[in-house]
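A quick write-up on the structure given underneath.
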Amino acid sequence: QSSRAPAISVSAESCIPAGLRLGPVPGIFKLGKYLSDRREPGPKKKVFLLFFLLLLFFSYYFFSCTAGPSVPPVFQVRMVRGELVDEAGSSALEWIGLIRAARNSQEQTLEAVADLPGGQIFYRALRDVQPGEELTVWYSNPLAQWFDIPVTATPTHDEKGEERYICWYCWRTFKYPNSLKAHVHFHCALSHGRPFLHHDH
């Protein structure tokens, strides 16, 4: 049995309209730092969030031990008088750090934006988000350029014809474009801050 805490997803309980802004995002912004081809847990935040995660973990652990296997916990949010709040009525500032990074544009529902370079960062709904959909976020193109995050990633195909994304510095392979972008920016020891290379065939 894995000792890792269950992943937490933030899902819409009611329809979230396109263009709705959440935030600002508190703390140092490192969206995607923990992203992998599986999923990214929301970025770690201050004491309140750590306490909340521990509470959810122990609740999940107790439930799974007494009621058998279950799905990972889902944190639900809904629109109330034009504002997106959680089940306790707390504003986005209390839980925005739980929103996970999107691995690709297909699963992305929010984009991270800033009104000015270096200014406060908000999350904006790209489209109407339907009840039951998970909220996932990635950088808008202008914000990605400001943080020196690669904007595009060109896929190759493996022997089975499945798309793969290759780091042209260290040759590590990823299933999703944003996993590659996060790797190049946060983790690749061979990139040394150089601009991302695009090898189109």
Side-chain angles (χ1 to χ4, degrees), residues 4-45 49 53 71-79 84 86 92-114 120-156 162-167 172-188 196 198:
R4 204 160 85 185
I8 298 172
S9 62
V10 179
S11 295
E13 187 177 345
S14 61
C15 183
I16 298 172
L20 181 75
R21 282 168 55 121
L22 311 176
V25 181
I28 299 173
F29 191 70
K30 293 185 177 181
L31 175 64
K33 184 174 182 179
Y34 309 102
L35 183 61
S36 71
D37 278 337
R38 294 183 296 275
R39 290 312 299 261
E40 174 194 43
K44 296 174 176 57
K45 281 179 53 184
L49 181 55
L53 290 173
V71 298
V74 176
F75 191 83
Q76 291 192 319
V77 296
R78 63 184 183 275
M79 294 295 299
L84 196 60
D86 67 9
L93 287 176
E94 301 292 342
W95 47 262
I96 196 169
L98 296 175
I99 297 175
R100 299 195 288 190
R103 296 171 296 184
N104 56 28
S105 59
Q106 286 72 36
E107 68 181 25
Q108 181 181 356
T109 53
L110 310 172
E111 65 174 354
V113 299
Q120 290 183 315
I121 296 171
F122 297 82
Y123 290 170
R124 179 173 62 201
L126 289 169
R127 55 174 175 78
D128 290 346
V129 182
Q130 301 304 316
E133 281 194 88
E134 180 178 358
L135 303 185
T136 60
V137 62
W138 193 247
Y139 298 80
S140 64
N141 283 353
L143 194 65
Q145 292 170 351
W146 171 256
F147 279 100
D148 199 25
I149 302 283
V151 174
T152 61
T154 303
T156 59
E162 296 179 349
E163 286 189 349
R164 293 291 182 265
Y165 297 84
I166 299 174
C167 176
R172 185 173 172 182
T173 302
F174 298 87
K175 293 181 180 179
Y176 298 96
N178 293 349
S179 302
L180 169 62
K181 297 171 189 177
H183 162 77
V184 170
H185 181 74
F186 291 108
H187 305 297
C188 184
F196 184 58
H198 301 280

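Computation of the quantities below employed the complete heavy-atom set of this structure, encompassing side-chain atoms and omitting hydrogens, waters and symmetry-equivalent molecules.
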TODO: Would you please test Leu126 and Trp138 for side chain to side chain contact (heavy atoms under 4.5 Å, CB included) and show each step?
DONE: CA-CA 11 Å; Leu126 289 169; Trp138 193 247; over 6 Å; no
Going from [atom1] on [X] to [atom2] on [Y], what distance comes out if it is rounded to the nearest 0.5 angstrom?
| X | Y | atom1 | atom2 | result |
| --- | --- | --- | --- | --- |
| Glu13 | Gln76 | CD | CD | 4.5 Å |
| Leu20 | Asp128 | CG | CG | 10.5 Å |
| Arg164 | Asp37 | CZ | CG | 8.0 Å |
| Ile121 | Phe29 | CD1 | CZ | 4.5 Å |
| Arg78 | Ser11 | CZ | OG | 14.0 Å |
| Ser14 | Met79 | OG | CE | 6.5 Å |

Taking [X] for its side chain and [Y] for its backbone only, find out whether a donor-acceptor pair lies under 3.5 Å.
| X | Y | result |
| --- | --- | --- |
| His185 | Asp148 | yes |
| Tyr139 | Leu31 | yes |
| Thr136 | Ala101 | no |
| Asn104 | Glu107 | yes |

TODO: Kindly state whether the ring of His183 and the ring of Phe174 have centres lying under 6.0 angstrom apart.
DONE: yes
Looking only at non-hydrogen atoms, find the nearest pair between [X] and [Y] and report the distance.
| X | Y | result |
| --- | --- | --- |
| Ala182 | Gly32 | CB-O, 3.2 Å |
| Cys15 | Pro131 | N-CG, 3.8 Å |
| Val113 | Leu143 | N-CD2, 4.0 Å |
| Ser179 | Ser36 | OG-O, 3.3 Å |
| Val151 | Ala144 | CG2-CB, 4.2 Å |
| Ala125 | Leu110 | CA-CD2, 3.6 Å |

TODO: Would you sort out whether Arg100 and Ser9 count as a side chain to side chain contact (heavy atoms under 4.5 Å, CB included), showing the intermediate values?
DONE: CA-CA 7 Å; Arg100 299 195 288 190; Ser9 62; 3.6 Å; yes
Task: Residues forming a salt bridge (Lys or Arg N to Asp or Glu O under 4.0 Å) with Glu133, sequence neighbours excluded - done: Arg127
Task: For Arg124, salt bridge (Lys or Arg N to Asp or Glu O under 4.0 Å) partners two or more places apart - done: Glu111
TODO: In sequence, state the C-alpha distance, the side-chain angles, and the governing distance for Leu35 and Lys181, and then conclude on side chain to side chain contact (heavy atoms under 4.5 Å, CB included).
DONE: CA-CA 10 Å; Leu35 183 61; Lys181 297 171 189 177; over 6 Å; no
Task: Minimum side-chain heavy-atom gap Tyr123-Leu135 below 4.5 Å - done: no
Task: Pro24 side chain reached by Leu93 side chain, heavy atoms, under 4.5 Å - done: yes
- [ ] For Thr109 and Glu134, run side chain to side chain contact (heavy atoms under 4.5 Å, CB included): C-alpha distance rounded to whole Å, both residues' side-chain angles, the deciding distance at 0.1 Å, then the answer.
- [x] CA-CA 8 Å; Thr109 53; Glu134 180 178 358; over 6 Å; no
